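Taking it in order: structure first as structure tokens, then the write-up.
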2 protein chains.
Amino acid sequence: MARTQGSHSEITGPRVREAAMRLFARHGFAAVSMRQIATEVGVQAGALYNYTPDKQSLLFDLMREHMDALLDAWQQEDPGGTDARARLEAFTRFHIRFNTRRADAVFVSYMELRNLTGENFAAVTELRRIYETRLEEILRAGQDAGVFTLAEPRITAMAVIALLTGVNTWYRDAGRLKLDEVETLYWDMVRRLVGG
Amino acid sequence: MARTQGSHSEITGPRVREAAMRLFARHGFAAVSMRQIATEVGVQAGALYNYTPDKQSLLFDLMREHMDALLDAWQQEDPGGTDARARLEAFTRFHIRFNTRRADAVFVSYMELRNLTGENFAAVTELRRIYETRLEEILRAGQDAGVFTLAEPRITAMAVIALLTGVNTWYRDAGRLKLDEVETLYWDMVRRLVGG
DNA sequence: GTCTATAATGGGATAGAC
DNA sequence: GTCTATCCCATTATAGAC
């Protein structure tokens with residue numbers, strides 16, 4: 001991966017971020033050195049500081065952008081309307097598809113919360129809370145409409161998210177089940193769980 | 001935490017393990033130094049090597065013993081017999097109770113898998129697989145007896161475990177709900193999820 | 001924008017005294 | 001069993017040449 005001197009900002013930036021995400025997911029933030037990231041990208045360690053003021057900011061930016069992308073993508077896919085059951089199915093399928101395609105980012109955004117400084121932690125946690133609330137509102141709407149039966153909408157929302165994110169621990173693209181079949185299996189579980 | 005010289009093996013050993021578990025959970029394995037653990041215990045760093053050959057073994061022992069304790073505890077609590085529904089309720093309540101009481105160990109045993117060397121990783125993963133299989137067998141028994149309706153017992157087992165372990169992300173002893181109420185809420189979700 | 005070189009600090013692990 | 005002292009190496013981040 002030797003690289004001669006020169007200017008490569010348009011391509012180096014994304015490469016730094018991709019390498020950092022992959023390495024953080026594989027070995028953990030604290031276990032990965034700036035030198036390792038640089039080697040992966042094909043530059044010297046010092047050059048990374050053209051793209052991040054420090055290692056902490058690199059982690060934080062990766063996590064915040066993942067959460068932003070998650071919220072934006074759901075806003076695009078949410079069918080809205082008054083059919084809570086249809087929205088919950090859309091959420092279920094969306095969450096599985098989005099998260100299995102970005103397993104590294106999901107892993108890092110959960111595992112490395114403890115390595116964020118105080119205000120960075122608060123920022124990422126707030127985005128997570130907003131996402132949980134999106135689901136909670138669907139559950140409340142369904143409850144009000146009489147199509148769901150659940151005692152605690154907030155807890156049910158967190159339970160459903162934990163259930164769905166769990167797909168990442170076993171799903172593999174080359175596995176027996178296609179993603180579409182996995183979505184259907186989990187939608188079946190979610191549907192029954194909410195008493196729909 | 002200054003400590004004079006002397007022999008304290010019976011108490012230092014457990015203290016090393018408790019401090020390591022707490023620090024690993026809070027900051028991550030790679031981010032915690034042997035010096036930090038020693039400070040927490042009140043000894044010098046060199047003294048830790050009376051209790052572990054190296055840092056990696058310390059992590060592995062903590063994880064393996066947690067998994068052993070989990071399997072042993074369930075073996076004690078499993079009512080056995082032919083009532084799959086009763087066994088599933090027992091499993092649900094057991095899993096929540098055991099895991100919320102040992103949040104640090106649960107966190108470490110999942111997050112730090114990637115910091116285990118090859119054969120240590122395989123050993124812990126095998127224990128995890130065995131635990132999943134305990135639940136899977138209950139689900140299959142219930143399916144055969146016609147009290148559960150589920151398409152994929154293995155996947156359902158992993159889904160239920162993810163759902164239940166998710167309690168750890170929000171449950172606090174001082175919170176609004178008592179643990180017993182949480183167990184009941186989740187048993188309600190699990191019961192419906194398996195079509196019982 | 002990237003390089004080389006380096007400053008300043010801290011890491012895991014060991015040796016030998018007590 | 002614990003201490004002090006230390007070896008050797010890696011770390012993040014910066015400085016200045018190109």
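Keep in mind the model is a prediction, meaning the values are calculated, not measured.
- In this structure, the CG atom of B:L48 is 14 Å from the P atom of D:dT4, given to the nearest Å.
- Using a 4.0 Å cut-off between charged nitrogen and carboxylate oxygen, B:E18 and B:R15 do not count as a salt-bridge pair.
- OP1 or OP2 of D:dT2 has at least one side-chain nitrogen or oxygen of B:T12 nearer than 4.0 Å.
- With rounding to whole Å, B:Q56 atom CD is found 13 Å from C:dG12 atom P.
- Looking at the side chain of B:Y51, the nearest of the listed nucleotides D:dG1, D:dA13, C:dG12 is D:dG1.
- As rounded to whole Å, 21 Å separates atom P of D:dC8 from atom CE of B:M34.
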Any chance you could lay out the side-chain contact (heavy atoms from CB on, under 4.5 Å) test for A:V124 and A:L113, step after step, and finish with the verdict?
CA-CA 8 Å; A:V124 173; A:L113 279 170; 3.7 Å; yes
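- Per the geometry, CG belonging to A:N50 stands 12 Å off C1' belonging to D:dT14, to the nearest Å.
- Within the 4.0 Å cut-off from OP1 or OP2 of D:dT2, not a single side-chain nitrogen or oxygen of B:Q44 is found.
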Determine, stepwise, if the pair B:E132 / B:R154 fulfils salt bridge (Lys or Arg N to Asp or Glu O under 4.0 Å).
CA-CA 8 Å; B:E132 291 164 357; B:R154 183 81 197 170; 2.8 Å; yes
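- The side chain of B:Y49 contributes no N or O atom lying less than 4.0 Å from OP1 or OP2 of D:dC3.
- Look at A:S33 and you'll find a side-chain N or O under 4.0 angstrom from OP1 or OP2 of D:dT11.
- If you measure from atom CZ of B:R15 to atom C1' of D:dG1, you get 15 Å, rounded to the nearest angstrom.
- Judged by closest nucleotide on DNA chain D, A:Q36 is the one of A:Q36 and A:A45 placed further toward the 5' end.
- A:L58 places its CG atom 14 Å from the C1' atom of D:dA13, with the value rounded to the nearest Å.
- Counting atom types as modelled, B:R35 pairs a side-chain N or O with a base atom of C:dG12 as donor and acceptor under 3.5 Å.
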Evaluate the criterion side-chain contact (heavy atoms from CB on, under 4.5 Å) for residue pair B:E181 and B:L185; output intermediate values, then yes/no.
CA-CA 6 Å; B:E181 298 171 310; B:L185 275 173; 5.8 Å; no
